[in-house]
Trainee: 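One structure follows; several queries about it will come next.
Just so you know, residue 1 is the first one in the sequence shown, and it goes up from there. Quick note: numbers below take in every heavy atom, side chains included, and nothing from hydrogens, waters or symmetry partners. Everything numeric here is computed off the predicted structure, so don't read it as measured data.
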Amino acid sequence: YDGFFFASMNARRLFFACHLGEFLSLKYQYIPMATSILIAESGSTKTDWCRIENGKRQYISSSGINPLLQTEDAIVSMLQSELPKGLLNKTYEAIYFYGAGVKDTTQKKMLQHVLRHFFSVKKTEVASDLLGSARALCANEPGIVCILGTGSNTAYYTGKTLGFKT
């Protein structure tokens, strides 16, 4: 992935949705074919969801989720009104949410609570959009990742965690 540059938000989201499943396979050694997971990458205006089930991917978009700007009730209301029933009536092994506004444990815990109860899933991982982009771009290798959009962020990724952030 040397030299890859996120030229637009759409390119970043497409790359993210296509490659985060591969990162999760590397991180957890494998994802069994019968497993169903849900991955979300969210900004304040749009959330891209990727359901991976039996090796197949389904992509859905909804309004953005930002725990700095929305209450739990507002997020639940949006999920109920915008996500298709086929996505809601599934059992998931895990949900991985990467989004804007996940700055500290307060926002992380709030979103974990919403996702656990809304989707009735035990394993949830909530992290910043910058970490999600780093995992999608670099997998387990160190690198520098940038998000260019309405807001811009840059960080050094150690292959496991984000180091220096701007």
Side-chain angles (χ1 to χ4, degrees), residues 1-32 35-53 55-70 75 92-116 119 121-166:
Y1 301 36
D2 290 344
F4 188 86
F5 182 75
F6 292 132
S8 71
M9 290 300 286
N10 288 338
R12 185 184 118 234
R13 290 177 190 279
L14 177 62
F15 183 80
F16 182 89
C18 290
H19 293 282
L20 193 56
E22 282 81 3
F23 164 76
L24 293 170
S25 295
L26 290 170
K27 181 178 179 188
Y28 299 106
Q29 301 304 313
Y30 69 96
I31 298 175
T35 298
S36 182
I37 63 170
L38 189 60
I39 303 168
E41 189 279 327
S42 188
S44 294
T45 56
K46 181 181 174 189
T47 303
D48 289 320
W49 302 85
C50 179
R51 182 179 81 184
I52 302 174
E53 183 174 27
K56 295 182 182 174
R57 295 180 182 162
Q58 177 187 7
Y59 301 98
I60 299 109
S61 291
S62 70
S63 294
I65 297 171
N66 186 326
L68 290 174
L69 305 175
Q70 296 166 291
I75 294 169
Y92 297 99
E93 297 289 322
I95 296 176
Y96 301 89
F97 182 95
Y98 300 95
V102 181
K103 302 241 180 239
D104 61 32
T105 56
T106 303
Q107 292 86 27
K108 185 184 277 192
K109 285 181 181 179
M110 186 263 265
L111 276 176
Q112 284 176 326
H113 179 261
V114 167
L115 295 171
R116 279 188 186 130
F119 289 101
V121 65
K122 289 183 182 178
K123 179 171 177 43
T124 57
E125 184 173 319
V126 175
S128 71
D129 54 352
L130 193 57
L131 181 60
S133 294
R135 287 177 171 175
L137 181 62
C138 302
N140 292 320
E141 299 295 320
I144 295 172
V145 64
C146 303
I147 293 178
L148 306 174
T150 305
S152 298
N153 293 302
T154 304
Y156 174 72
Y157 179 62
T158 67
K160 293 184 180 183
T161 62
L162 293 176
F164 178 74
K165 296 180 264 188
T166 63

Trainee: Excluding sequence neighbours, so at least two apart, what forms side-chain contact (heavy atoms from CB on, under 4.5 Å) with K160?
Mentor: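 With sequence neighbours excluded, K160 shows a side-chain contact (heavy atoms from CB on, under 4.5 Å) to T158, given in chain and number order.
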Trainee: Examine distances only and state if a side-chain atom of Y157 and a backbone atom of G159 form a donor-acceptor pair shorter than 3.5 Å.
Mentor: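 A pair under 3.5 Å: yes.
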Trainee: Could you tell me which residues satisfy side chain to side chain donor-acceptor pair (under 3.5 Å) with E141, sequence neighbours excluded, listed by chain and number?
Mentor: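 Partners of E141 under the side chain to side chain donor-acceptor pair (under 3.5 Å) test: none.
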Trainee: So how far is it from K109 NZ to L111 CG, rounded to the nearest 0.5 Å?
Mentor: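 Atom-to-atom, K109:NZ and L111:CG are 13.5 Å apart.
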Trainee: Can you tell me how far CD1 of I95 sits from CH2 of W49, rounded to the nearest 0.5 angstrom?
Mentor: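 The distance works out to 7.0 Å.
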Trainee: Sequence neighbours excluded, which residues qualify as side-chain contact (heavy atoms from CB on, under 4.5 Å) partners of T106?
Mentor: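 Partners of T106 by the side-chain contact (heavy atoms from CB on, under 4.5 Å) criterion, ordered by chain and then number, come out as D104.
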Trainee: Side chain to side chain contact (heavy atoms under 4.5 Å, CB included) for Q58 and K56? Distances and angles first, verdict last.
Mentor: CA-CA 7 Å; Q58 177 187 7; K56 295 182 182 174; over 6 Å; no
Trainee: For residues D129 and V102, determine if any side-chain heavy atom of one lies less than 4.5 Å from a side-chain heavy atom of the other.
Mentor: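 Contact flag for D129/V102 side chains = no.
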Trainee: If you take all heavy atoms of L131 and L162, which pair is closest and at what distance?
Mentor: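 Heavy atoms only, the tightest pair is N-CD1, 3.8 Å.
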Trainee: Assess whether side chain to side chain contact (heavy atoms under 4.5 Å, CB included) is satisfied between I37 and Y96, documenting all intermediate values.
Mentor: CA-CA 8 Å; I37 63 170; Y96 301 89; 4.2 Å; yes
Trainee: Nearest heavy-atom pair of S63 and T47: which atoms, and what distance?
Mentor: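 Reported closest heavy-atom pair: O-OG1, 2.9 Å.
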Trainee: Between I65 and S42, what is the shortest heavy-atom contact and its length?
Mentor: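 Looking at all heavy atoms of both residues, the closest pair is N-OG, 2.9 Å.
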Trainee: Excluding sequence neighbours, so at least two apart, what forms side-chain contact (heavy atoms from CB on, under 4.5 Å) with L68?
Mentor: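 Applying side-chain contact (heavy atoms from CB on, under 4.5 Å) to L68 gives N66, K103, Q107.
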Trainee: With L115 as reference, evaluate V126, V121, I75 under the side chain to side chain contact (heavy atoms under 4.5 Å, CB included) test and give the passing residue.
Mentor: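 Of all the options given, the one that passes is V126.
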Trainee: Mind checking side chain to side chain donor-acceptor pair (under 3.5 Å) for S128 and listing every partner two or more places apart, or none if nothing turns up?
Mentor: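 S128 satisfies side chain to side chain donor-acceptor pair (under 3.5 Å) with no other residue.
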